[in-house]
Amino acid sequence: MTIPTSQLITMPEGKTLEFKRDLSSPRNILKTLVAFANTAGGGLVIGVEDESREVLGVEDPLDEEERICNLIADSIKPRLVPNVELISIEDKTLLKVEVYPSGSRPHWLKKEGQNEGIYVRLGSTNRKADRELIAELKRSAEGIAFDEMPLPELNADALDIAVAKALFKDQRELSEKELLTLKLLKQVQGRLVPTIGGVLLFGIEREERFSDAWIQCGRFSGTTKSVIFDHIEIHEHLPIAVERVIEFIKKHAMRGADFSQIRRRDVWSIPLTIVREAVINAIVHADYSQIGAPLRVAIYDDRVEIENPGILLPGMTVEDVKQGVSKIRNRVIARVFRELDLIEQWGSGFRRILDEAEEQNLPEPKIEEIGMRVRFTVYLAESMSTEVSRTSTEQVTEHVTEQVTEQVTEHVTEHVTEQVTEHVTEQVRSLLFCLKTKPLGRRDAMVYIGLNSRPTFVYDYLKPAIQAGFVEMTLPNSPKSPTQKYRLTTKGKDFLAKEGQEDVE
């Protein structure tokens, strides 16, 4: 640690810091050092009261330094070599033991054995690792991704290849070679077998093998889980499940209107872009080897919480995540989500979420480890209520500011009614409007609309417009061509003509 000692002793205990008054409880000290080594490293300061932070100092510091070194050497396997040093503050001497994330993990206490003596750090506590977590520690030390592992007892028929091909139809043709490249399949002893990632993404009987690989969504009344208002279980293939979650959230979000620009823009009470990014991160980074509970999305009056099983990967802290540092737990899932434009760039998700929250003047989202899960909390600008269920028209009307005239309100009501009738979202309308004079590439269209997020453009604007038959590719046989552009179809031109955009070319 490079933090000055005077500052260090004022910091709260946490994942990478702990204080002890003396060496009177060596087992607890050794558990902490093992947990540090197995998780994200950390520093143990001896000679400070952990609650009051009174600096007590260490009597006979040289003897105590030798004692702690001998305890570590005699009690921990594989061998752990931390940095042990003496530091001075307030005319007293402290003992500091600094442990780095270990490439030899998992470490364990000899007396408790290799199965019972492995600990990890969760917040400011040490937790005994179960069998699944021990396996995860070993895989991470060896650089093995859980979802890249083959399932030799299955065959290629265990995957719903038809669904995979349908999702990739605008990206690439999923030949056998492509399935191997994406590591959805693997060659094992001369036969094709699915990988864990392949089954998690497109497995026909996924939950028979991974019982918690589904998503539970709930809308709760108030700010606690005491009263549930609505819930849904999502068991679809993971790439499809993202949109099912967003549909559930939209069902319980209120939609208003922003008239600050030339064209009216929908404003949701729940920041959909941020929540979608958080849901995708949860799916990509979940530890599917853990057994106990599915991914969860909980909507409260004042926030949305997204939880996934598994703690942060060894070597990672919450601060690392905030800084944009990323380690991919599920490489197959991440690769497929990247190919499908669900994620823009590995490791950029959380930074993009923080930037989006700041742009929308929202409180900073929170990420934390709760038990054996990671929880991501998105705070809302205003509290919602489950007491009144509003229609789209009522939502927009109620969110128009008092300064808007009665005439504008009537126009909005009529506009929304038309939207519901035509089943065309405001996002699709915006895309059609920007393509009315000429075809545009993705970047130019995003600039025209005023978007920064590629996934938002693809999934809220482009794909719905293509699926509705309003927009088509100029190079349909080369969907990923750098010169690809998008243009209005006859149906799209007719729709704009009905909207009063008569100058469509």
Visitor: Sort and list the pairs that fulfil side-chain hydrogen bond (donor to acceptor under 3.5 Å, both in side chains) and have at least one residue in residues 61-71, not counting sequence neighbours.
Guide: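 Applying side-chain hydrogen bond (donor to acceptor under 3.5 Å, both in side chains) to every pair that reaches into residues 61-71, excluding sequence neighbours, yields nothing.
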
Visitor: Once salt bridge (charged side-chain N to carboxylate O under 4.0 Å, His left out) is applied, what residue pairs with a partner in residues 179-196 remain, sequence neighbours excluded?
Guide: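 Matches after skipping sequence neighbours: E148-K183.
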
Visitor: Give me each pair satisfying side-chain hydrogen bond (donor to acceptor under 3.5 Å, both in side chains) with a member in residues 25-51, each pair once, sequence neighbours excluded.
Guide: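 Pairs touching residues 25-51 that pass the test: E18-T32, R21-E49, R27-E112, R27-Y119, T32-N126.
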
Visitor: Taking only residues two or more places apart in sequence or in another chain, which ones pass side chain to side chain contact (heavy atoms under 4.5 Å, CB included) with D130?
Guide: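 D130 satisfies side chain to side chain contact (heavy atoms under 4.5 Å, CB included) with E132, L133, Q290 only.
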
Visitor: Report the C-alpha distance between R303 and E305 in whole Å, list the side-chain angles of each, state the deciding distance to 0.1 Å, and finish with yes or no for salt bridge (Lys or Arg N to Asp or Glu O under 4.0 Å).
Guide: CA-CA 7 Å; R303 68 194 187 280; E305 292 180 352; 2.9 Å; yes

Visitor: Tell me, please, which residues at least two apart from K327 pass side chain to side chain contact (heavy atoms under 4.5 Å, CB included).
Guide: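 Listed in chain order: L313, M316.
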
Visitor: By ring pair (Phe, Tyr, Trp, His ring centres under 6.0 Å), which residues pair with F210, not counting sequence neighbours?
Guide: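 Once residues adjacent in sequence are excluded, F210 has no partner under the ring pair (Phe, Tyr, Trp, His ring centres under 6.0 Å) criterion.
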
Visitor: Which residues satisfy the side chain to side chain donor-acceptor pair (under 3.5 Å) test with H231, sequence neighbours excluded?
Guide: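 Applying side chain to side chain donor-acceptor pair (under 3.5 Å) to H231 gives none.
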
Visitor: With sequence neighbours left out, which residue pairs that include part of residues 150-168 fulfil the salt bridge (charged side-chain N to carboxylate O under 4.0 Å, His left out) condition?
Guide: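 Salt bridge (charged side-chain N to carboxylate O under 4.0 Å, His left out) check on residues 150-168 returns E153-R209.
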
Visitor: Considering residues at least two apart in sequence or located in another chain, which fulfil the side chain to side chain contact (heavy atoms under 4.5 Å, CB included) criterion with E247?
Guide: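 In terms of side chain to side chain contact (heavy atoms under 4.5 Å, CB included), with neighbours along the sequence ignored, E247 is linked to R244.
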
Visitor: Taking only residues two or more places apart in sequence, or in another chain, which ones meet R131 in a side chain to side chain donor-acceptor pair (under 3.5 Å)?
Guide: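 With sequence neighbours excluded, R131 shows a side chain to side chain donor-acceptor pair (under 3.5 Å) to no residue whatsoever.
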
Visitor: Checking F337 now: which residues fulfil ring pair (Phe, Tyr, Trp, His ring centres under 6.0 Å) with it, not counting sequence neighbours?
Guide: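 By the ring pair (Phe, Tyr, Trp, His ring centres under 6.0 Å) rule, F337 matches no residue at all.
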
Visitor: Hydrogens and angles aside, do T10 and R53 bring a side-chain donor and acceptor to less than 3.5 Å of each other?
Guide: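 Looking only at side-chain atoms, R53 and T10 do not form any donor-acceptor pair under 3.5 Å.
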
Visitor: Could you list all the salt bridge (charged side-chain N to carboxylate O under 4.0 Å, His left out) pairs where at least one residue sits in residues 32-41, not counting sequence neighbours?
Guide: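 Sorted pair list comes back empty.
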
Visitor: Do the side chains of F457 and D341 get nearer than 4.5 Å, heavy atoms only?
Guide: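 They are not in side-chain contact.
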
Visitor: Does either side chain, that of Q323 or that of E319, offer a donor lying less than 3.5 Å from an acceptor on the other one?
Guide: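 Checked: Q323/E319 side chains show no N/O donor-acceptor pair below 3.5 Å.
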
